Each structure stands twice: as structure tokens, then as C-alpha cells.
Amino acid sequence: MSELLWHHGKISKEEAVRRFRQFHPDGSYLMRNSETVMNAFVLSVGFQNNVYHYRILQDTCRRFLFENRIYYSLSEIVEYYGTNKGCLVCTLKHPVLPPLPTGLGEVHEYDEPSYSVMMPGGEFPGDRGYEMSNYNN
């Protein structure tokens with residue numbers, strides 16, 4: 001995942017919102033590992049001084065499930081929603097990059113994604129909703 005600079009690994013929802021506090025225009029985005037659903041990801045999108053969080057799930061074949069569509073990589077999702085709004089508040093335009101290491105010799109490690117298992121009946125808990133956070137607090 002280190003080549004995906006918009007993937008921030010295991011950070012909290014609060015930390016994701018903090019990373020939007022500097023000026024980020026509408027359409028700024030980052031991806032992070034979900035805190036609440038094991039082996040899922042969250043796409044955080046900045047729009048009109050708010051951050052919207054969208055959960056992305058995986059099935060047992062390591063395919064990504066979002067908005068009733070199947071994708072084969074997180075990059076494919078970012079590419080698709082760069083030109084298609086779909087259920088998002090806006091298209092993805094500007095990746096939010098992780099902060100640079102602050103100490104000399106410090107190495108920033110990215111977390112490799114893990115994989116989730118689809119629940120019986122093909123549903124995942126909370127797979128249709130999104131959450132919103134205001135980052136001007």
C-alpha cells in the first residue's frame with residue numbers, strides 16, 4: 001500500500017478529520033483502515049468544511065464492495081469516483097497526503113490492508129451508510 005499516498009493506514013476517524021483541518025478544497029480525500037469493522041476501509045471526503053466517511057468492504061475473494069459495485073483494488077475505486085460522483089458528496093479530486101515524519105531517522109510505515117469476510121446473507125453491518133464530521137471545530 002505504500003505506493004497509494006492517499007492511504008493513511010490505521011488512523012482514527014478523529015485523526016482523519018484533523019488531517020483535513022489545513023486548507024483542503026472540496027473533493028479532497030484520504031483512505032484509512034476502519035476502526036469499527038475489521039478488515040474494512042473508510043474513504044473520507046472533504047466537502048464544504050465537512051468530512052464525510054464512507055465504508056468500503058471486502059468479500060472472501062478480496063474484492064472491494066462499495067455502492068453495490070465490485071472493485072478489484074482501492075485504486076480502482078479512487079479512479080472511478082474521480083469522474084463519477086455516485087453516492088459521494090462530490091467527485092474525488094485532491095488526495096490528502098500523510099504528514100511527513102517529524103524526527104530525523106524516523107520512518108513512516110503504512111499498514112498493509114487486511115481482508116474481511118462477508119456475513120451470511122451477503123450483507124455487512126453498516127454497509128449502506130456514511131458519517132459526516134465537521135472539521136472547523
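These numbers come from a predicted model, not from an experiment.
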Just by modelled atom types, is the Asn49 backbone N or O under 3.5 Å from a matching donor or acceptor in the His24 side chain? no
Distance check, rounded to the nearest 0.5 Å: His94 atom NE2 versus Tyr29 atom OH? 9.5 Å
Within this structure, what is the NE2-NZ distance for the pair His53 and Lys13, rounded to the nearest 0.5 Å? 5.0 Å
Do Ser28 and Val45 have side chains that approach each other closer than 4.5 Å (heavy atoms only, starting at C-beta)? no
Please report the interatomic distance CD1(Ile77) to CZ(Phe41), rounded to the nearest 0.5 Å. 9.0 Å
Test side-chain contact (heavy atoms from CB on, under 4.5 Å) on Met31 and Ile56; report intermediate values, then the result. CA-CA 10 Å; Met31 188 86 64; Ile56 298 168; 3.6 Å; yes
Would the distance check show the side chain of Asp26 and the main-chain N or O of Gln48 forming a donor-acceptor pair, the cut-off being under 3.5 Å? yes
Quick one: does any side-chain atom of His8 pair with a main-chain N or O of Val96 as donor and acceptor, under 3.5 Å? yes
Please name the pair of heavy atoms, one in Gly46 and one in Phe20, separated by the smallest distance, quoted to 0.1 Å. N-CE2, 3.5 Å
Indicate the ring-plane relationship of Tyr54 and Phe66, choosing parallel, tilted or perpendicular according to the 30° and 60° boundaries. perpendicular
Is it the case that atom CD in Glu79 sees more than 12 heavy atoms from other parts of the structure closer than 6.0 Å? no
Cation-pi check for Phe64 against Arg69: NZ or CZ below 6.0 Å from the six-membered ring centre and within 45 degrees of the axis, yes or no? no
Under 4.5 Å between any side-chain heavy atoms of Thr83 and Thr91, yes or no? no
Rounded at 0.5 Å granularity, tell me how far OG in Ser44 sits from CD in Glu15. 11.0 Å
If you look at every heavy atom in Leu43 and Leu92, which pair is closest and at what distance? CD2-CD1, 4.1 Å
Okay, side chain of Asn84, backbone of Gly86: is any donor-acceptor separation there less than 3.5 Å? no
Rounded to the nearest 0.5 Å, what separates atom CG in Asn33 from atom NZ in Lys10? 6.5 Å
Does the side chain of Arg18 come within less than 4.5 Å of Ile11's, by heavy atoms? no
When you compare the side chain of Val42 with that of Val37, does any pair of heavy atoms fall below 4.5 Å? no
Please tell me if the side chains of Leu30 and Pro95 come closer than 4.5 Å, counting only heavy atoms from C-beta onward. no
With rounding to the nearest 0.5 angstrom, report the OH to NZ distance, Tyr80 to Lys85. 12.0 Å
In the structure I gave you, are the side-chain heavy atoms of Arg32 and His7 within less than 4.5 Å of one another anywhere? no
Note, Arg19 side chain near Val17 side chain (heavy atom, < 4.5 Å): no
